[in-house]
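Per chain, numbering begins at 1; letters A, B, ... match sequence-line order. Just so it is clear, the model here is predicted, and its values are computed rather than measured. All heavy atoms count here, side chains included; hydrogens, waters and symmetry mates do not.
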Amino acid sequence: MNMLEIVGLAIIASILVLLLKDQQPTIAFLLVIVTVIYLLSIFMSYIKEIILLIQYLGEKAGVNDSYLTVIIKVIGIAYIAEIGATIVRDAGLESIAAKVEILGKILILLLAIPIFKTLIETIINFFSI
Amino acid sequence: MKFIGAIILITATSYMGIEYSRKMEERPRQIRILKNALQIMHAEIIYSHSSIPLTCFAISKQISQPLSLFFYNVGQDLEHPTESLYKVWKDNLEKLWDSFSLINNDKEILLQFGRSLGKHDVMQQEKHIKLCLSHLERQLEEALDQRNRYAKMFKSLGFLFGVFLLLLLL
Amino acid sequence: MFIDTSILFQIAGIGIIVAMLHTILKQMGKEEYAQFATLIGFIIVLVFVVNSIAELFQQIKSVFLFRG
């Protein structure tokens, strides 16, 4: 799928949403969600390639596989939180969107704890030698 | 292939809507004809003192289908009567009911009128005809009101429902 | 790999039809049926949306998290 098609799709979707907004705001909003999902699923099929590249580079550089998994999971959580927050924000519910974002950040932090621990341990080992 | 199905679906639902609204537009016309028939009957009975079969034939000659058929049948059945007038009136009404565009209220009024027909003297009969005419007048007003409000709605509703189903099935 | 684009037009079409039904029914003084039509349209569209959300989440899962 090339860029022109994606832009064309986005423009058509926005015209349809404008058409519906006055009479059926709820259905217009659902249309927005579907458009977002459609664009994201295109995006996901591309990001798959990139993640495969990261894994390949990690293997070549000899990085521990569990660290790579954590990084990829963090990226995934960031995207999901972003998707959720923007959809809720489009509906005009700012406070819920903010909570979704905060929860996303906290979950990322939670995932990073083991890496952080190993980092601290490495530093302590480094000094205790 | 999909295209043909879509056209068939939309045609079918549009036709349903048009048919329904046609029935609605037909009702005031038929009530008017019925009133006309009663006025003829009034004239025949009060001034010409003709019998009911003859009156019915006279009416059936002057009004249009499908109501004229009803009066013709009643007249024919009454020429060599085997059953009571009310029974004949009712049976014929039931038989032809599906070809009329009237609703059950109208049927009730007609049945009530049939019950009174031929049981009283001329003066009483005149009163019954007047009563039935005033009932029909009320029904006519209601039918006209309904037609103005809903006839167009059913037409567009049929078409829109077809498009809606089409979008769901696509 | 991609969702079919026609779903966008389908939803927009349902929205337009429901809006027209709503307008006509309201004009004819059948408020309650108008509300009902809107609700039905909304539910049908919602089913579409929920299906595609599920599909997207499955995709995200396979890309990011549980890739084994």
Side-chain angles (χ1 to χ4, degrees), chain A residues 1 5-6 8-52 54-55 65 68-84 87 111, chain C:
Chain A
M1 170 139 327
E5 280 176 57
I6 294 172
L9 184 91
I11 291 173
I12 288 172
S14 44
I15 290 170
L16 291 177
V17 169
L18 279 182
L19 191 67
L20 276 179
K21 209 161 202 170
D22 288 335
Q23 282 129 357
Q24 298 283 330
T26 45
I27 292 180
F29 175 63
L30 289 180
L31 196 57
V32 171
I33 293 181
V34 169
T35 315
V36 168
I37 287 168
Y38 185 70
L39 291 175
L40 273 172
S41 75
I42 295 170
F43 168 83
M44 285 302 154
S45 60
Y46 286 130
I47 209 133
K48 207 168 195 170
E49 308 281 318
I50 295 169
I51 283 174
L52 284 178
I54 291 173
Q55 270 176 333
D65 198 45
L68 266 182
T69 314
V70 168
I71 288 174
I72 291 168
K73 273 191 182 180
V74 165
I75 296 173
I77 288 176
Y79 276 127
I80 294 171
E82 176 73 14
I83 296 162
I87 286 177
L111 269 182
Chain C
M1 183 156 68
F2 302 123
I3 315 172
D4 199 4
T5 328
S6 70
I7 194 174
L8 280 181
F9 293 100
Q10 210 173 344
I11 290 175
I14 290 175
I16 291 167
I17 295 294
V18 165
M20 284 166 89
L21 278 176
H22 186 89
T23 320
I24 289 173
L25 285 170
K26 204 168 183 181
Q27 213 177 359
M28 299 300 161
K30 300 248 179 193
E31 295 272 336
E32 65 276 16
Y33 287 109
Q35 293 297 334
F36 202 61
T38 313
L39 188 66
I40 295 276
F42 177 73
I43 289 170
I44 289 166
V45 176
L46 193 65
V47 170
F48 287 160
V49 173
V50 166
N51 274 336
S52 49
I53 286 181
E55 221 166 283
L56 175 74
F57 280 3
Q58 212 58 45
Q59 209 175 359
I60 290 175
K61 256 187 190 172
S62 72
V63 171
F64 287 113
L65 305 173
F66 302 107
R67 124 205 85 73

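For the pair A/Tyr38/A/Ile6, no side-chain contact is recorded, criterion being any heavy-atom separation below 4.5 Å from C-beta on.
The environment of OH in A/Tyr79 is sparse: at most 12 heavy-atom neighbours from other residues, nucleotides or ligands sit within 6.0 Å. Dense packing is recorded around CE of A/Met44, with more than 12 heavy atoms of other residues, nucleotides or ligands lying under 6.0 Å away.
With a 4.5 Å cut-off on non-hydrogen atoms, A/Leu30 touches chain C through its backbone and its side chain both. Proximity to chain C (any heavy atom under 4.5 Å) is restricted, for A/Ile12, to the side chain, taken from C-beta onward. Using a 4.5 Å cut-off between heavy atoms, A/Ile33 contacts chain C through its side chain alone, with no backbone atom that close.
Of the options C/Val47, C/Leu46, C/Ile40, a side-chain contact (heavy atoms from CB on, under 4.5 Å) to C/Ile44 is made by C/Ile40 and by none of the others.
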